[in-house]
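In the text below, chain A, chain B and the rest are named by the order of the sequence lines, each starting its count at 1.
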Number of protein chains: 2
Amino acid sequence: MGVKANMDGEKRLIQARERVIDAISQNMHLYGVTESVGRLYGALYFQEDPMTLDEMKDELGMSKTSMSTSVRNLMDLKMVDKVWRKGVRKDLYQAEPDWYQTFIDFFTIKWRAGVNINVSAMEKSLTELHLLIEDNETDERIKNMARVDCEKILAALEYYDWLNRLVDSFESGEIFQYIPKKR
Amino acid sequence: MGVKANMDGEKRLIQARERVIDAISQNMHLYGVTESVGRLYGALYFQEDPMTLDEMKDELGMSKTSMSTSVRNLMDLKMVDKVWRKGVRKDLYQAEPDWYQTFIDFFTIKWRAGVNINVSAMEKSLTELHLLIEDNETDERIKNMARVDCEKILAALEYYDWLNRLVDSFESGEIFQYIPKKR
DNA sequence: AAGTACGTACAGAAAAAACTGTACGAAGTA
DNA sequence: TACTTCGTACAGTTTTTTCTGTACGTACTT
């Protein structure tokens with residue numbers, strides 16, 4: 001078997017990987033993750049061993065600084081873990097291989113953040129609107145607008161309660177009772 | 001009741017709205033939607049009547065061009081509908097008020113797009129990897145790597161099948177059997 | 001048919017973000 | 001203790017995205 005054939009085989013392998021990595025990063029980009037960060041996750045996913053920052057930098061042809069921030073980004077999303085290996089001084093990172101878990105972590109993190117932002121703002125505004133409605137000084141027209149706004153906010157809060165319960169069922173794995181992993 | 005009190009009431013109302021609108025736009029920003037687009041959705045949500053592009057432009061203090069593209073953006077996400085009103089020549093837009101539906105549309109659109117991107121890339125690469133494995137010319141080391149990659153891709157495809165079924169349960173409303181709207 | 005209002009394509013300007021290189025602190029090594 | 005190695009904070013640059021103004025096609029009005 002010639003060297004040429006090997007080279008070719010390796011090239012074909014890399015190309016097949018690259019296509020999938022591109023798709024992964026495009027996909028992640030849909031949810032506001034940089035394509036570079038997505039490619040890094042893809043590279044880590046296919047890499048057999050955990051990688052150091054320097055290896056990532058060589059693999060993606062980017063600066064070490066970028067690798068540092070990108071990998072931290074992925075860690076925040078729980079898509080990558082730092083691993084320890086005896087005798088290795090550098091930090092090692094590996095991709096979380098369980099995509100079910102990755103999906104759940106990714107969205108529960110974001111959804112909970114969103115719920116928190118919105119619920120606290122809405123509760124605060126709701127209180128203010130009630131004060132406004134109960135205030136005798138308030139113009140009747142304004143009162144009516146405030147009442148409508150209260151209704152809208154209450155409807156939204158009800159939805160956020162639902163979203164919270166959805167997230168709970170993701171986190172607890174209860175969702176897999178309803179939508180099983182394997183058909 | 002003095003004019004001053006009215007003004008004040010209106011200001012308080014607007015402030016309460018503004019806080020919620022900010023939270024909404026921050027939230028939407030988490031998923032890669034521009035903050036301006038988010039604020040526009042928020043404005044439409046609280047506006048009692050459907051709005052024209054010119055009204056939006058005045059409300060947000062931005063160009064009409066931006067309103068045109070932003071509102072189209074929101075329509076693509078099914079967060080805003082164009083409505084028709086007798087005798088009104090301008091296009092009118094209103095926010096979809098049902099947040100359950102908005103949530104479902106938003107994520108099913110994105111998830112389906114992601115599934116399609118990834119599944120087609122993975123199937124193509126999977127075929128190529130199988131050819132590589134079956135090719136006698138291929139170096140054994142490469143074959144082994146290809147086998148590992150195949151496993152990873154198959155695991156991912158299984159996950160995408162699950163995601164597709166999850167999306168189905170969102171679209172059909174079946175999810176509300178498991179996670180009911182009201183407690 | 002001429003005039004006006006409306007929405008959007010497009011090119012360029014402004015703003016935001018992603019990325020890099022330098023510098024430095026922490027932690028290991030000799 | 002002096003010397004490396006490593007990771008990241010930060011400032012500045014590059015790239016990308018967002019936003020605006022102009023211009024034009026369509027459709028309504030007179």
Side-chain angles (χ1 to χ4, degrees), chain A residues 21-22 24-44 47 49-77 79-95 110, chain B residues 21-22 24-44 49-77 79-94 110:
Chain A
I21 291 173
D22 270 3
I24 291 171
S25 82
Q26 265 187 267
N27 186 16
M28 289 174 66
H29 192 60
L30 289 177
Y31 309 106
V33 177
T34 308
E35 292 202 24
S36 301
V37 173
R39 276 202 305 281
L40 178 58
Y41 174 80
L44 285 165
Q47 204 65 26
D49 296 310
M51 292 175 86
T52 65
L53 292 178
D54 284 309
E55 285 166 347
M56 297 176 202
K57 162 192 120 177
D58 293 338
E59 180 76 26
L60 301 198
M62 291 177 72
S63 71
K64 199 173 174 181
T65 304
S66 289
M67 296 303 96
S68 177
T69 55
S70 296
V71 92
R72 174 206 294 273
N73 208 320
L74 288 167
M75 292 231 295
D76 290 344
L77 296 169
M79 295 184 70
V80 158
D81 295 318
K82 198 186 234 179
V83 297
W84 182 86
R85 189 163 284 188
K86 195 175 164 183
V88 177
R89 206 136 77 69
K90 300 186 181 187
D91 294 353
L92 291 168
Y93 300 92
Q94 73 184 3
K110 293 228 174 192
Chain B
I21 291 173
D22 270 3
I24 291 172
S25 83
Q26 265 186 268
N27 186 16
M28 289 174 66
H29 193 60
L30 287 176
Y31 308 105
V33 177
T34 308
E35 292 201 22
S36 302
V37 173
R39 275 201 306 280
L40 178 58
Y41 174 81
L44 285 165
D49 297 309
M51 292 174 87
T52 65
L53 292 179
D54 283 310
E55 287 167 346
M56 297 176 203
K57 163 193 119 179
D58 293 338
E59 179 76 26
L60 301 198
M62 291 179 70
S63 71
K64 198 172 174 180
T65 305
S66 288
M67 296 304 96
S68 177
T69 55
S70 296
V71 92
R72 174 206 293 274
N73 208 320
L74 288 168
M75 292 231 295
D76 291 345
L77 296 169
M79 296 183 70
V80 158
D81 295 318
K82 198 186 233 179
V83 295
W84 181 86
R85 188 164 287 188
K86 195 175 165 183
V88 178
R89 205 135 78 68
K90 300 186 180 187
D91 293 352
L92 290 169
Y93 300 92
Q94 72 184 2
K110 295 226 173 192

Engineer: Heavy atoms from C-beta onward define the side chain here; which of dC6(D), dG7(C), dC28(D) lies closest to that of R89(B)?
Structural biologist: dC28(D)
Engineer: Return the value, rounded to whole Å, for the distance between atom CZ of R72(A) and atom P of dC10(D).
Structural biologist: 11 Å
Engineer: By the 4.0 Å heavy-atom rule, please label T34(B) as base, sugar-phosphate, or nothing.
Structural biologist: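 Sugar-phosphate contact only - T34(B) comes under 4.0 Å of backbone atoms but never of a base.
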Engineer: OP1, OP2 of dC19(D) versus side-chain N and O of S66(B): anything below 4.0 Å?
Structural biologist: no
Engineer: If you look at every heavy atom in L60(A) and A43(A), which pair is closest and at what distance?
Structural biologist: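 That closest heavy-atom pairing would be CD2-CB, 4.2 Å.
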Engineer: Base, sugar-phosphate or nothing for S36(B)? Non-hydrogen atoms, less than 4.0 Å.
Structural biologist: sugar-phosphate
Engineer: dC19(D), OP1 or OP2 - any side-chain N/O from S63(B) closer than 4.0 Å?
Structural biologist: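 For dC19(D), neither OP1 nor OP2 has a side-chain N or O of S63(B) closer than 4.0 Å.
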Engineer: Could you please name the option among dG7(C), dG7(D), dT20(D) that lies closest to any side-chain atom of D91(A)?
Structural biologist: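 Given the options dG7(C), dG7(D), dT20(D), the side chain of D91(A) is closest to dG7(D).
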Engineer: Starting at CD of E35(B) and ending at P of dA14(C), how long is that distance when rounded to a whole Å?
Structural biologist: 22 Å
Engineer: Whole-Å distance between dA15(C) C1' and M62(B) CE?
Structural biologist: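 It works out to 11 Å between those atoms.
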Engineer: Verify, without hydrogens or angle tests, whether S63(B) (side chain) and S66(B) (backbone) share a donor-acceptor contact under 3.5 angstrom.
Structural biologist: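 Answer holds: yes.
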Engineer: Select base, sugar-phosphate, or nothing to describe what T69(A) touches, counting heavy atoms under 4.0 Å on all strands.
Structural biologist: nothing
Engineer: In this structure, which one of M67(B), R39(B), M51(B) forms a side-chain contact (heavy atoms from CB on, under 4.5 Å) with E59(B)?
Structural biologist: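 Of the listed options, the one satisfying the test is M51(B).
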Engineer: Can you tell me the distance, in whole Å, between the NZ atom of K57(B) and the P atom of dT18(D)?
Structural biologist: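 These atoms are roughly 22 Å apart.
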Engineer: Rounded to whole Å, please give me the gap between CG in L53(B) and C1' in dT20(D).
Structural biologist: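 Distance, rounded to whole Å: 15 Å.
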Engineer: Whole Å only: how far is the CG atom of L74(A) from the C1' atom of dG7(D)?
Structural biologist: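 Nearest whole value for this atom pair: 17 Å.
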Engineer: Side chain of T65(A), base of dG21(C): donor and acceptor closer than 3.5 Å?
Structural biologist: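 Side chain to base: pair found, below 3.5 Å.
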Engineer: Please state how far atom CE in M67(B) lies from atom P in dT8(C), giving the value in whole angstrom units.
Structural biologist: 12 Å
Engineer: Look at the side-chain N and O atoms of K64(A) and state whether any lies under 4.0 Å from the OP1 or OP2 oxygen of dG7(D).
Structural biologist: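 Yes, K64(A) has a side-chain N/O under 4.0 Å of OP1/OP2 on dG7(D).
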Engineer: At their closest point, which heavy atom of L40(B) faces which heavy atom of S70(B), and how far apart are they?
Structural biologist: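 Heavy-atom minimum between the residues: CD2-CB, 3.6 Å.
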Engineer: So, is R39(A) near the phosphate of dA18(C), with a side-chain N or O under 4.0 Å from OP1 or OP2?
Structural biologist: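 No, R39(A) has no side-chain N/O under 4.0 Å of OP1/OP2 on dA18(C).
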Engineer: Decide yes or no for M28(B) and L74(B): does some side-chain heavy atom of the first lie under 4.5 Å from some side-chain heavy atom of the second?
Structural biologist: yes
Engineer: Whole angstroms only, please: what is the CG-P distance between D54(B) and dG7(C)?
Structural biologist: 7 Å
